[in-house]
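Worksheet for the structure shown next.
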Amino acid sequence: MEKILVLDFGGQYDLLIARRVRENGVFAEIKPYDRISLDEIISNGYKGIIFTGGPNSVYDSNSPHYDPAILGIGIPVLGICYGHQLIAYMAGGAIRSAGSISEYGKTELAAYACPIFENVPQKSVCWMSHTDYVSSVPEGFETVAFTDNCPCAAMADVRRRIYGVQFHPEVTHTEYGKTILRNFLFGVCGCAGDWKMDDFIEKTVAKYKAELKGKRVLCALSGGVDSSVAAALMHRAVGENLTCVFVDHGLLRKNEGDDVESVFRGKFNMKLIRVNAEDRFLTRLKGVCEPEKKRKIIGEEFIRVFEEQSRVLGKMDVLVQGTIYPDIIESGKGDASTIKSHHNVGGLPSVMDFESIVEPLKELFKDEVRAVGLQLGIPEKLVMRQPFPGPGLAVRIIGEITKAKADTLREADAIFREELERAGVRPSQYFAVLTDTQSVGVMGDARTYGHTVALRAVTTDDFMTADWTRIPYEVLETVSRRITNEVKTINRVVYDITSKPPATVEWE
Ligand code: XMP
């Protein structure tokens, strides 16, 4: 299998780079620079190497470096940001601090003809983020792009197939970033681009088959896309040794519990335990209004339920979770600051009875997780469905949670989803939120004092940013009429027209 090595020097975009490579049908492997030797690189047969960015300056005494011999082994290299400066440094060039004229953000790039700029216009927009720059290009290299403030925005040693770019081709703000990466992968490295998600599945299954041999594995199944895919993947790896525990915390959508049960017990014939824990969760959530507290409680309670189940089942060694990459960065594990603690990352209690936690999807983005799910044979209805947060309706009931409120929200939410599906409107995520507001209404001749429900629908690729969906008025009208007619305690329906940022997708 052809593969690209993403040599990580501590930047925040290593996974994004790998994703961009994989999008092109080429497998990308990420290795921290200090965990792979030059001999291993040579013997692993990589088609190309990408040096990532990093927060340091190459002259810092503790900055990450690599054996300069890597530039002489005949494997093409693309250095990005710090990686670009590192190549220059290793090859005998010079780097200087840009001081007050450091560049950050969208910048106009002027590029010369060069294999990595094939089909890239002479002028385009790129995304810059740096304080240092290459001030003297090493021997054998030539400058192939510049910006107003950066004399060497890209350099190339075409003969040795070594390239460096100061900007970030992996982020969408770089207009021709995808083209540049494709040029490197196909034009420079000669990749064929025939890697598919099957390869990810094969590799992951083989890895866990070996690592978890003889271990008893418990999977936390929430019924959402991520944990479903994680369960099916691990089932393939450890078969009968996997037991799935599906916790119905009473904060699921209408009919969700039964649907999950029928797929995993019925179709996949997995060992599935459904724990009906509504009372226990609602009791712990009583009087709790603060969103992060709700998440923490639910996260803890989940784990307690699993631990109890594992005691009933006998000692379980490993816990599987469906954490995916955006969960990790949004929870502040990377360099991004904490926004919300997703229950399956930030809310984990520190004392746990398991030997280890396995998160087989933690390097994948949502669309990749879906592709894996389809390959594994999970029904399309489940795989393609919109994401649903682990804490469920708890973060969609503003203020205190009660069973009556959850039931009310479930009905309104089911109507909203049903009508959008009927109308063929498919936002990336759409749901109802029970606000903490009650207001006056009139029904027949009587005054009412009922709940306000908010409808939320967003369109997005990656859930990091999202636009509110322009749902046709007629559809909104039908939804509003049906909710106020069919759900007794709701007398007002509003539509949320805020994008992310400044809002988040969920209200809590
Ligand atoms: P936000 O609200 O952060 O949501 O813009 C982005 C995506 O993440 C989902 N989300 C969660 N998923 N546990 C989860 O498993 C959580 O606590 C959680 N909070 C938000 C949200 O539904 C959206 O898809």
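In this chain, residues are counted from 1 in sequence order. In what follows, every heavy atom counts, from backbone to side chain, and hydrogens, waters and symmetry copies are set aside. All ligand and atom numbering here is 1-based and tracks the order in the structure. If you're wondering where the values come from, they're calculated on a predicted model, not measured in any experiment.
Within the structure, the ring-ring contact (aromatic ring centres under 6.0 Å, His included) test picks out no pair touching residues 399-438 (sequence neighbours left out).
Between Tyr33 and Phe9, the ring-plane angle classifies as parallel under the 30° and 60° cut-offs.
Between Lys500 and ligand 1, at least one N/O pair is under 3.5 Å apart. By the 3.5 Å distance cut-off applied to N or O atoms, Gly390 is counted among the residues near ligand 1. Of the polar atoms of Val505, at least one N or O is found under 3.5 Å from an N or O of ligand 1, judged by distance alone.
Here atom 24 (O) of ligand 1 lies nearest to Gln429 when heavy atoms of Lys366, Gln429, Glu292 are compared.
Contacts of Pro387 with ligand 1, taken as heavy-atom pairs under 4.0 Å, involve the side chain alone.
Short contacts between ligand 1 and Pro391, defined as distances under 4.0 Å to a heavy atom of the residue, involve ligand atoms 13 (N), 16 (C), 17 (O).
At least one donor-acceptor pair under 3.5 Å links the side chain of Arg265 to the backbone N or O of Leu272.
At a cut-off of 3.5 Å, with distance as the only test, no side-chain donor of Thr459 or Asp467 sits close to an acceptor on the other residue.
Residues meeting the side chain to side chain donor-acceptor pair (under 3.5 Å) test with Glu363, sequence neighbours left out: none.
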